[in-house]
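Below is one structure; the comments refer to it alone.
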Amino acid sequence: MSAKTSEIKLKFLEALQTISNAEELEKIRVEYIGKKGYVTELLKEMKNLSNEEKKTFGQEVNILKNEVNDKISEKREELRLKEIELENSRMPEFDISMPPKLKRGSYHPITLVQRQCEEVFRSMGFAIEDYSEIVTDYECFEALNIPKNHPARDMQDTYYLENGQLLKSHTSAAQNAIYKKYKDALINDGKPIKAIFPGRCFRNEATDACHENTFFQMEGVMVDKNISISNLIFFMKTMLSEVFQKDIKVRLRPGFFPFVEPGFELDISCLICGGDGCPSCKHSGWLELCPCGMIHPEVLRMGGIDPEEYTGFAFGLGLTRLAMMKYGVKDIRDLNSGSLKNLAQFTDDK
Ligand code: DAH
């Protein structure tokens, strides 16, 4: 081996010893066998040699080039293994028999009351329906007897989408679809329509202790022959006493909603202050919990049901309010806070 070749080889082997990562290795590779590397440069010197010398020198340089290549590959593999080892040493030891370090999660207070209400209504023969959060203007307003420019629209600061649809501002938006879904069974088989449909609603509200822009309601409807206000009051009272597991003071006041006639506000005595008045009940001692009423004939008609033959009631239970009452949540904003520490304290069951 020529002096020059062995000098380069020696220098390369020395340099290889000092390598500790892939970047350094790549640098050395370029330095030695890259386009302008030491070994590649050696080949360029061949043009000054005789044919005989060219042959031996060429062979020598090629052997060196292969050696350098092999050493680099070896080193690359060595570094890769080291990397894996290091990665493994960083991972916490996993022992399947160890008890979990994380606390078990808990259900959101609204989920809990929603499930309780569902259970109560299911046991009374109601179907539980789900409905989209994005609805049409027709579903949210027109089919509920709230035509364009009706002042009742002002009450529901609605988020409109660019395509003309909107974020449902109340669960009543599903009423029309529910009537249409069940009307044939009602008309042909005499099966009463009994359905509840819980859902998330959105309104562009200024938030405070009792207002949020995102909240939950649970709508319920029952349609059959001879349904009256007494049926409505019975179902409401049964549901509330089941959920609170005690007798709840309620009051019924007249209330106006274009899709019911007559319409009512069902209030419950504020459970946070016991009726004395607090920010949660706007210092009145009462909380509007469940507006309700007898379904307006026009609304039934738009749902494909003859109001001469059938009557029904509808209610829009404030699920968020109910959760606040049940779990003593004083500020509605806590519910959407995402603070697990806050939310977990309200829930008793997991
Ligand atoms: N959708 C009404 C609202 O959110 C509440 C409501 C009132 C629902 C009366 C009803 C009802 O079903 O009968 O403002």
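Since the model is a prediction, treat every value here as computed from it, not as a measurement.
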*Run the numbers on R200 and E133 for salt bridge (charged side-chain N to carboxylate O under 4.0 Å, His left out), then give the verdict.*
CA-CA 7 Å; R200 188 178 1 213; E133 286 176 352; 3.1 Å; yes
Worksheet entry | Verdict with supporting geometry, E212 and R203, salt bridge (charged side-chain N to carboxylate O under 4.0 Å, His left out) | CA-CA 8 Å; E212 248 293 11; R203 287 186 202 177; over 6 Å; no
Practice problem: Check the pair I134 / L166 against side chain to side chain contact (heavy atoms under 4.5 Å, CB included), numbers first and verdict last. | Solution: CA-CA 6 Å; I134 295 175; L166 44 98; over 6 Å; no
Worked check of salt bridge (charged side-chain N to carboxylate O under 4.0 Å, His left out) between R251 and E265: CA-CA 8 Å; R251 71 174 186 188; E265 289 283 4; over 6 Å; no
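Looking at every heavy atom in both residues, E205 comes nearest to N213 through N-CB, 4.2 Å. The two residues Q175 and A314 make their nearest non-hydrogen contact at NE2-CB, 3.6 Å.
Looking at W286 and I268, their side chains never come closer than 4.5 Å, going by heavy atoms from C-beta outward. Side-chain atoms of V61 and V39, non-hydrogen and from C-beta on, do get closer than 4.5 Å to each other. For the pair N88/E85, no side-chain contact is recorded, criterion being any heavy-atom separation below 4.5 Å from C-beta on. In this structure the side chain of I305 reaches within 4.5 angstrom of the side chain of I193, judged on heavy atoms. A 4.5 Å side-chain heavy-atom check between C117 and P198 finds every atom pair outside the cut-off.
The cluster map of Ile, Leu, Val, Met, Phe, Trp and Tyr, joined by side-chain heavy atoms under 4.5 Å apart, puts L144 and M218 in different clusters. The hydrophobic cluster containing F216 also contains F126, counting ILVMFWY residues as joined when their side-chain heavy atoms lie under 4.5 angstrom apart, directly or transitively. Under the 4.5 Å side-chain heavy-atom criterion for grouping Ile, Leu, Val, Met, Phe, Trp and Tyr, Y310 is not connected to I229 through any hydrophobic cluster. There is no path of hydrophobic side-chain contacts, each under 4.5 Å, that joins V223 to I196.
Going from atom OG1 of T171 over to atom OH of Y131 covers 12.5 Å, rounded to the nearest 0.5 Å. To the nearest 0.5 angstrom, L64 atom CG is 9.0 Å from N66 atom CG. Atom SG of C281 sits about 11.5 Å away from atom CD of E288, to the nearest 0.5 Å. Atom CG of L167 and atom OG of S132 lie 9.5 Å apart (nearest 0.5 Å).
Under a 4.0 Å N-O distance rule, the pair D137/R153 qualifies as a salt bridge. Between E7 and K4 there is no salt bridge, since none of the side-chain N atoms of the basic residue sits less than 4.0 Å from a carboxylate O of the acidic one. We find that K168 and E139 are not joined by a salt bridge, their nearest charged nitrogen and carboxylate oxygen being 4.0 Å or further apart. Between E41 and K36 there is no salt bridge, since no side-chain nitrogen of the basic residue lies less than 4.0 Å from a carboxylate oxygen of the acidic one. Classification of E298 and R301 as a salt-bridged pair holds, one side-chain N sitting under 4.0 Å from a carboxylate O. Ion pairing of K191 with D189 is absent here, as no side-chain N (NZ or NE/NH1/NH2) approaches a carboxylate O to less than 4.0 Å.
Listed for the H170 side chain is no donor-acceptor partner under 3.5 Å among the backbone atoms of C201. Although no hydrogens or angles enter the test, the distance criterion places no donor-acceptor pair under 3.5 Å between the side chain of K194 and the main chain of G220. Checked by atom type and distance alone, the side chain of N176 pairs as donor or acceptor with a backbone atom of M302 at under 3.5 Å. In this structure a side-chain-to-backbone donor-acceptor pair under 3.5 Å is present from N21 to E24. A distance-only check finds a donor-acceptor pair linking the side chain of N336 to the backbone of T214 [under 3.5 Å]. Within the 3.5 Å criterion, the main-chain N or O of Q156 finds a donor-acceptor partner in the side chain of T158.
In this model, no donor atom of one side chain and acceptor atom of the other lie less than 3.5 Å apart for Q59 and T56. Between the side chains of T111 and Q114, not a single donor N or O lies within less than 3.5 Å of an accepting N or O. In summary, the side chains of S172 and E219 do present a donor paired with an acceptor at a separation below 3.5 Å, with no hydrogens or angles considered.
For N149, the CG atom counts as loosely surrounded, since its 6.0 Å shell holds 12 or fewer non-hydrogen atoms of other residues, nucleotides or ligands.
Aromatic ring orientation, F256 versus H150: parallel (interplanar angle below 30°, classes split at 30° and 60°).
In this structure, R115 forms a cation-pi arrangement with Y107, its terminal cationic atom sitting closer than 6.0 Å to the ring centre and no more than 45° off the ring axis.
In this structure Y38 satisfies the ring pair (Phe, Tyr, Trp, His ring centres under 6.0 Å) test together with Y32, sequence neighbours excluded.
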